[in-house]
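Both counts, for ligands and for their atoms, begin at 1 and track the order of listing.
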Amino acid sequence: MSELSSRASAEIELVNEHGTNNYGPLPVVLAEGKGAWVTDVDGKRYLDAVMAYSAANFGHSNDKFIDIACAQMRKLDVTSRAFYATGFGEFAEAITKLSGLDRVLMMNTGAEANETAIKAARKWGYKVKGVPADEAKIIVMHGNFHGRTTTIMSFSDDENARDGFGPFTPGFVKVPFGDTDAIEAAIDDNTVAVLLEPIQGEGGVVVPPEGYLKRVREITQRANVLMICDEVQTGMGRTGTPFRFQAEGILPDIVTCAKSLSAGLYPVSAVLGSNEVMNVFTPGTHGSTFGGNPVATALGKAVCDELATGKWQAHAEELHPVLFDGLRALLGRGVIEVRGVALWAGVDIDPAIGTAAEVVAELIERGILIKNTRPQSIRVALPIVVSREEIELFVREFTAVIERRWNERQA
Ligand code: PLP
């Protein structure tokens with residue numbers, strides 16, 4: 001990467017001196033953002049293909065959502081759930097309609113939503129299914145990413161993320177992602193739920209075989225086991241439907257969402273579930289000071305309304321070929337595999353042309369903000385409000401970098 005300016009270096013030094021080193025940020029210091037673009041402290045613009053790990057699906061600093069958040073902040077900000085506040089009911093109605101589930105419980109982050117889903121499933125297991133106390137099992141997938149809390153880390157495959165954080169929480173059984181026979185074989189009398197991402201995002205945008213969700217639904221229904229879909233990354237329009245489970249015409253028992261539920265302006269997460277499951281919660285059994293506050297519900301309602309029009313999902317579907325035809329044209333010439341849906345792609349780089357991190361560094365140099373998820377895998381998450389011209393620019397730059405490296409290797 002090119003030499004850092006003194007301004008960028010000063011910012012990085014300050015962070016390195018006083019911040020904790022739990023991320024390894026790339027050396028870009030961002031100062032502004034609008035739509036699909038961000039600008040660094042030196043005025044260099046980048047087309048953003050990370051979008052805060054899909055938290056900013058509607059683009060950066062979207063005026064419509066900013067106006068709604070500001071108006072709500074001026075009117076009523078945080079009250080706690082010790083009282084009713086206007087906005088919660090309307091939001092709850094909108095998101096239950098959008099998802100088809102009966103009830104919503106609000107938290108703040110994706111990890112918290114998943115912790116809540118785990119608690120709901122366990123309590124349902126004991127109170128409704130009749131599993132003996134403390135024996136509940138939840139089936140999870142290899143390659144999963146559900147957040148960073150200690151319970152969630154208990155069933156992660158990421159040894160670096162687990163190292164030194166034990167003892168972990170028992171009660172999880174891991175099976176390969178995409179393998180329904182393995183789920184069926186792992187279910188026993190104490191199994192209360194199957195927890196999965198409909199598409200594994202952090203895993204590199206891994207799309208399971210077609211019909212997978214439908215089959216998991218059939219298996220879980222037959223075995224009286226809950227199906228939990230973590231839609232923290234796949235939800236809120238990222239995949240061409242408001243939630244990914246809708247693409248296979250099923251209804252899980254529990255769905256978690258976060259990230260773009262607030263258009264990325266504010267940490268807002270939600271757990272959606274059937275009456276049978278959500279009614280296991282009674283006053284005092286779960287909660288969060290900020291969960292479901294009036295600013296969160298105002299933003300959540302606005303995002304649900306926007307998705308209910310279908311306009312952005314149609315836009316993403318229409319532009320899907322522009323992105324995917326462009327990426328697939330590189331197969332066999334520096335790119336090994338292209339996966340994904342809508343405007344969300346996982347691209348595996350041929351080790352012969354270098355690592356994904358090397359490709360990422362070159363793209364950033366050329367004004368594309370992007371990040372690898374695995375050593376050879378790059379995730380592309382353009383906002384669903386991106387234009388055709390912006391996607392064409394992305395494909396041009398991506399192609400230029402891959403072709404340059406491919407030709408250099410051939411020479
Ligand atoms: N679940 C999935 C599928 C995610 O992709 C993420 C974050 O990337 C999370 C959960 C965790 O969300 P948060 O970082 O808001 O806790």
Checklist entry - Does any non-hydrogen side-chain atom of Ile228 lie less than 4.5 Å from one of Asp253? => result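 Counting from C-beta outward, Asp253 and Ile228 never come under 4.5 Å.
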Next on the checklist: Centre-to-centre under 6.0 Å for His286 and Phe281, is that the case here?
Outcome noted: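 Here the rings of Phe281 and His286 have centres that are less than 6.0 Å from each other.
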Checklist entry - With sequence neighbours left out, what residues match Asp348 under side-chain contact (heavy atoms from CB on, under 4.5 Å)? => result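 For Asp348, the residues satisfying side-chain contact (heavy atoms from CB on, under 4.5 Å) (neighbours in sequence not counted) are Ile336, Glu337, Arg339, Ser377.
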Checklist entry - Who passes side-chain contact (heavy atoms from CB on, under 4.5 Å) against Val175, sequence neighbours left out? => result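 Only Ile139, Met141, Ala182, Ile183, Ala186 meet the side-chain contact (heavy atoms from CB on, under 4.5 Å) criterion with Val175.
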Item to check | Carboxylate-amine/guanidinium contact Lys34 Asp63, below 4.0 Å | outcome: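 Asp63 and Lys34: salt-bridged.
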Next on the checklist: Can you list every protein residue that has a heavy atom under 4.0 Å from any atom of ligand 1, sorted by chain and residue number?
Outcome noted: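 Shell around ligand 1 (4.0 Å, heavy atoms): Thr109, Gly110, Ala111, Asn114, Phe145, His146, Gly147, Glu197, Glu202, Asp230, Val232, Gln233, Lys259.
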Next on the checklist: Suppose we screen for salt bridge (charged side-chain N to carboxylate O under 4.0 Å, His left out). Which residues come up paired with Asp163, at least two apart in sequence or across chains?
Outcome noted: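 Listed in chain order: nothing, the list is empty.
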